[in-house]
There are 4 protein chains.
Amino acid sequence: MASSESPRTFTETARRAQLIAAAITTVNEIGYHRASLSEIARRAGVAKSAIVYYFSSKEALLLSVVEEVFTRLGDAVAQAVDADADPSAQLLAYARGYLGYVDAHRAEVTAGIEIVVSHRTEDGTPLYLTVSEEDSQLLRGILTAGMDAGAFRRMPLTVAVSLVEALLDVCTTELQRDLDADIEPFAEETVTTLLSAFVVATR
Amino acid sequence: MASSESPRTFTETARRAQLIAAAITTVNEIGYHRASLSEIARRAGVAKSAIVYYFSSKEALLLSVVEEVFTRLGDAVAQAVDADADPSAQLLAYARGYLGYVDAHRAEVTAGIEIVVSHRTEDGTPLYLTVSEEDSQLLRGILTAGMDAGAFRRMPLTVAVSLVEALLDVCTTELQRDLDADIEPFAEETVTTLLSAFVVATR
Amino acid sequence: MASSESPRTFTETARRAQLIAAAITTVNEIGYHRASLSEIARRAGVAKSAIVYYFSSKEALLLSVVEEVFTRLGDAVAQAVDADADPSAQLLAYARGYLGYVDAHRAEVTAGIEIVVSHRTEDGTPLYLTVSEEDSQLLRGILTAGMDAGAFRRMPLTVAVSLVEALLDVCTTELQRDLDADIEPFAEETVTTLLSAFVVATR
Amino acid sequence: MASSESPRTFTETARRAQLIAAAITTVNEIGYHRASLSEIARRAGVAKSAIVYYFSSKEALLLSVVEEVFTRLGDAVAQAVDADADPSAQLLAYARGYLGYVDAHRAEVTAGIEIVVSHRTEDGTPLYLTVSEEDSQLLRGILTAGMDAGAFRRMPLTVAVSLVEALLDVCTTELQRDLDADIEPFAEETVTTLLSAFVVATR
DNA sequence: CATGAATGAGCATTCATTCAT
DNA sequence: AATGAATGAATGCTCATTCAT
C-alpha cells in the first residue's frame, strides 16, 4: 500500500507525480466530469488499479492535484509578495506573482481550477468553498493592512477578497478557453483595474 | 413527438416550464453533477421518460434551462440599458440591471451558472464558451461606444468584456455559496469597481 | 422505480418473484459468496440492472429472499402448531411442521439458510443474529409454557431455543450437502431426540 | 520457494504459525468474507506477498487454518476419549473433551468454523462437506460400538453423527455471537441432551 | 527471504436512453 | 400524452495474484 504514513519511496514519488500529471492532462483535454479513472490511466499508460494503488481513490488523486497546484501557486505568490512591505506594493506583487505563475504553469492551474470548481465532496459542497478559506490568508492580510492604513478603499473584507479573486481569475478563464492564449493584455488590464479599485489616490 | 418544428401546444409549453423549474431546483439542491434525470423527474412529479419526451435528451433540458435563464437575464438587462444613451450611464444601468435581476431571480441564475460552468458538450468543450459569444453583444456595444467616445479607458474589447463579466459574477458566486446571502455589499462594491475601472475622469 | 410505497403492479410482482427464484437457484448452485448480480441476472435471463430496478440493491434482493422464505416457513409452522394446546403436542407439531416445510421447500430453505449464515450487514454482524431474535417467539412461547407447566425439563430459555434450532437444522444441513437427499431418517431421529431432550417422563 | 515437499525450516514454521494466527484474528474481527489478504497481512505486520510466499494462495492459508484448528481439536478429543473403553463413557468424554477444547480455544475454533461454513472450493462445494468426512472417524467408531453393544439407541450412523455434531455446535454458534459468552449452561444442557438422545436406560 | 509494484478480472451500482403500450 | 419496463455502457473500486529484485 502506498498511502501510509511512511516516507515516500523513489518510485512512489515518481509514480504519484506521473499520475498527477496524467490527471492534469486528462482534465484539460476532456474536462473534469469526463475524467474517469480509465481515461486518466490510459493517458498515464498504467492500469486503473495503479491509480488506486498510489492514491487510494479517484477523489484522493484529484485532491492531490488541487493541493499540489495551489500549494505551489501560493508559495510563488508568497515569495513574490515577500520583498515588499507597503500594502499597495504588496497587492501589486501579489497580482503580478499570481498572474506570472498562472502564465508559466497554464496546464496545472487550469486543471486545478476546473477541479476546484466542479468537484463536490460527498455531502455535495463544492470544493472551492472548502479550500479557499485558509488559502486566502495572505491576501486578507494585505487587504486588511491596506485598508487600516488608509491606502486602500474601505470595504468589507470578504467583498474585497472576492473582488480580487474574481479579477485574477479573468486570466485563468481565458486559459480555459484556450491554453495557448496570449493573456498578456488580460493580465495588464487586470492589474490596472485592481489598483484602480483598491488604491486610493494620494495627493 | 414533442420536439418537432410545429408550434407548441398549451400543455407542452406548461410541461416544459414545469420541467425546467424542476431542473433548476434539482441543480440548486444537489448540484449539477448529481442532477440525474430521475432526481429531476422525482422533483417534477413525473416519470423520467416524460423528460425525454419533452426534451429528447437530458442535455437538451439543461440547455433549455440555460437558454431560458440567460435570455431572460439578457432581456432584463437590455430593458434596463434602454433608457440611457450615454455609455457611462449605460454601463451603470447594465450592471445595476444585471445585479438586480440576479438578486431577484437567485435560484434561476445560480442554476444557470452552475450548468454553464459544469456542463460539457460531447466534444468536451465547456458550455460557457459556446454560450456567451453572442450574448455579450449589448455589452460589447456599450464598451465599444464608450471607448470610442473617450469616456472609457481604452483596452482590447475581449479583455473589457471579460473584466466586466468577472466582476458581475462576484455576486453569483456568493449566491452559489449561500442562496440567501446578502449580496448588497458585493453589488455595491462591484459597481464602484466597475466604474473606477472603465470610466475615465472627465476634465 | 419499483421500491416505492405504492402497491405492486402485476408485472412487478411477477418479476420480483422471478428474481427471487433466480437468486435462490444461484445461491444453491454456486453458494452465497459467489452469487454475484451477474450470475443471478444470467440465470434469470435479464440484465444486471433489472435486478437493481426491482430491488434497489443486491443486498435488498437477498434480504427479500430471506424474508420470503422465513415468513412462509414461520407461517407454516404457526399453522401446524395452532391445532394443539398442550406444550408437548405443540413442540411435536412445531418440529413436524418445520421439518415438513423444509422437506417440501428444499431449495428455498437451503438458500435462505445459506444467506442468513453467510451474509453480513454493513457493520459486519451476521444476518442470523439480527433476524432470529423476533422469529423465535412462537418457539420461546412453547418452551416457556412447557417448562412452567413442568412438562419440559427446565433449562435457560436461550439454551433451550438454541438446542431446538440446532436439532432442527440437522436436516437443512443435510440438504445443503445434497438437495435430493432422503431426509426422512434425519427428521425422524431429530424429533425423537427433541422429545427425549425436553419432555419429562410423566407419572 | 516455501511450499515444496522439503521439510520445513524453523523460520518457515514460525512464519506459517504467525500468519495462521493473523488469519484467525482477522476472521474473528471482520468475518470471513471481509478477511482479504491485505487485512490479514496488515494484522501480521507483513506484506501481502509474504502470505502467498508461504502459502501459495489465500485459499491455502485458510485451509491451513482449518486443518490446524480441527487437527488440534481432534487430537484433544481423541486424548480425552482415550481413557475410556465403554461407549457411553467415551461419548461423554468426547463431548466434554470437545466442549472443553472449544471453551479453551474460542478464537481458533470460532474462526475455523466460520471458514468452514463460509468458504467454497472452486467448484462451489462448501468446505464443511469436504472436511468432516474423514474427521468424524473417532465419533463414528464410538457410535457404532455403542449401537452394536446395545448401549445406544439404534439409528443410521450418518444421522447419529449429524445429531452429535449439531448439538456440539450449539456452543460454537453461541461463541460466534459473542466470543466472551458464558457457554457453561449451553455445554451442560448439550451433554445432557446428548446422553438422553443416545444412551438407552439400562435397568 | 521477503517485498513493493503492478495488474486484470470481477464487483455493485448509476444512469441516460429506448420502446411498447 | 405519458409511462413503466428494461437495458447496456460506463464508473469507481476491491482483491488475489504475479513478478522482478
Side-chain angles (χ1 to χ4, degrees), chain A residues 1-2 4 6 9-12 14-15 33-41 44-62, chain B residues 1-2 9 11-12 14-15 33-41 46-62, chain C residues 1-2 4 6 9-12 14-15 33-41 44-61, chain D residues 1-2 9 11-12 15 33-41 46-62:
Chain A
M1 211 167 310
S4 70
S6 58
T9 68
F10 172 74
T11 309
E12 188 174 348
R15 264 281 188 268
H33 88 287
R34 296 210 176 151
S36 64
L37 276 190
S38 38
E39 288 286 351
I40 298 171
V46 300
K48 269 192 302 183
S49 45
I51 297 178
V52 181
Y53 178 73
Y54 283 106
F55 301 85
S56 57
S57 67
K58 182 193 173 183
E59 181 169 49
L61 167 60
L62 262 16
Chain B
M1 215 166 307
T9 69
T11 310
E12 189 174 348
R15 265 278 190 268
H33 89 292
R34 295 200 181 160
S36 65
L37 271 191
S38 38
E39 289 285 352
I40 297 170
V46 300
K48 263 193 307 187
S49 40
I51 296 179
V52 179
Y53 179 72
Y54 282 107
F55 289 94
S56 85
S57 75
K58 183 193 178 185
E59 180 168 49
L61 167 60
L62 295 179
Chain C
M1 212 168 308
S4 70
S6 59
T9 67
F10 172 74
T11 310
E12 188 174 350
R15 263 282 188 268
H33 89 287
R34 297 209 175 152
S36 65
L37 274 191
S38 39
E39 289 285 352
I40 297 171
V46 299
K48 268 194 301 183
S49 45
I51 297 179
V52 180
Y53 178 73
Y54 283 106
F55 302 85
S56 55
S57 68
K58 182 193 175 185
E59 181 170 48
L61 167 60
Chain D
M1 215 166 308
T9 68
T11 309
E12 188 173 349
R15 264 279 190 267
H33 87 294
R34 295 201 180 159
S36 63
L37 272 192
S38 38
E39 289 286 351
I40 297 171
V46 300
K48 263 192 308 186
S49 40
I51 296 179
V52 179
Y53 179 72
Y54 282 107
F55 290 93
S56 84
S57 76
K58 182 192 178 186
E59 181 169 49
L61 167 60
L62 295 180

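First the proteins, then the strands, lettered A, B, ... as listed; each starts at 1. The structure presented is a predicted model; accordingly, all values stated were derived computationally and were not measured. Computation of the quantities below employed the complete heavy-atom set of this structure, encompassing side-chain atoms and omitting hydrogens, waters and symmetry-equivalent molecules.
For A:Ser36 and B:Val46, each mapped to the nucleotide of DNA chain F holding its nearest heavy atom, the one lying further toward the 5' end belongs to B:Val46. Map C:Val52 and B:Ser49 each onto its nearest nucleotide of DNA chain E; the residue landing nearer the 5' end is C:Val52. In terms of position along DNA chain F, the nucleotide closest to B:Ala47 lies nearer the 5' end than the nucleotide closest to the other residue of the pair D:Glu39 and B:Ala47.
Taking both residues in full, the closest heavy atoms of B:Phe55 and B:Ala60 are given as O-CB, 2.9 Å, listed atom of the first, atom of the second, then distance. Between D:Ala41 and D:Ala47, the shortest heavy-atom distance links the atoms CB-C, 3.9 Å. Looking at every heavy atom in both residues, A:Arg34 comes nearest to A:Glu39 through O-CG, 3.8 Å.
The side chain of D:Tyr53 sits closest to E:dC1 out of E:dC1, E:dT18, F:dC13. Nearest to the side-chain atoms of B:Lys58 among the listed nucleotides E:dT14, E:dT13, E:dA16 stands E:dA16. Closest to the B:Thr11 side chain, of the nucleotides F:dA1, F:dC19, F:dC13, is F:dA1.
Judged purely by atom type and a 3.5 angstrom limit, D:Lys58 uses its side chain to pair as donor or acceptor with the backbone of D:Ala35.
Going from atom CD1 of B:Ile40 over to atom P of E:dT14 covers 17 Å, rounded to whole Å. For D:His33 and F:dT14, the NE2 to P distance is 13 Å, given to the nearest whole Å. Counting to the nearest Å, the P atom of F:dT21 and the CZ atom of A:Phe10 are 15 Å from each other. One can place NZ of A:Lys48 at 15 Å from P of F:dC15, the figure rounded to the nearest angstrom. When the P atom of F:dA9 is taken as reference, atom CG of C:Leu37 falls 17 Å away, rounded to whole Å. To the nearest angstrom, P of F:dA5 lies 6 Å from CD of C:Glu12. Atom pair A:Arg34:CZ and F:dA9:P shows a separation of 17 Å (rounding to whole Å applied). As rounded to whole Å, 13 Å separates atom P of E:dA5 from atom CZ of A:Phe55.
Pairing for E:dT7 goes to F:dA16, judged as Watson-Crick or G-U wobble with the two contacts each under 3.5 Å.
For the pair C:Arg15 and F:dG4, the criterion of a side-chain N or O lying under 4.0 Å from OP1 or OP2 is not met. A sub-4.0 Å separation between OP1 or OP2 of E:dA5 and a side-chain N or O of A:Thr9 is present. At the phosphate of E:dC11, OP1 or OP2 sits under 4.0 Å from a side-chain N or O atom of C:Ser38.
For the residue pair A:Thr9/A:Thr11, the side-chain donor-acceptor check at 3.5 Å is not satisfied.
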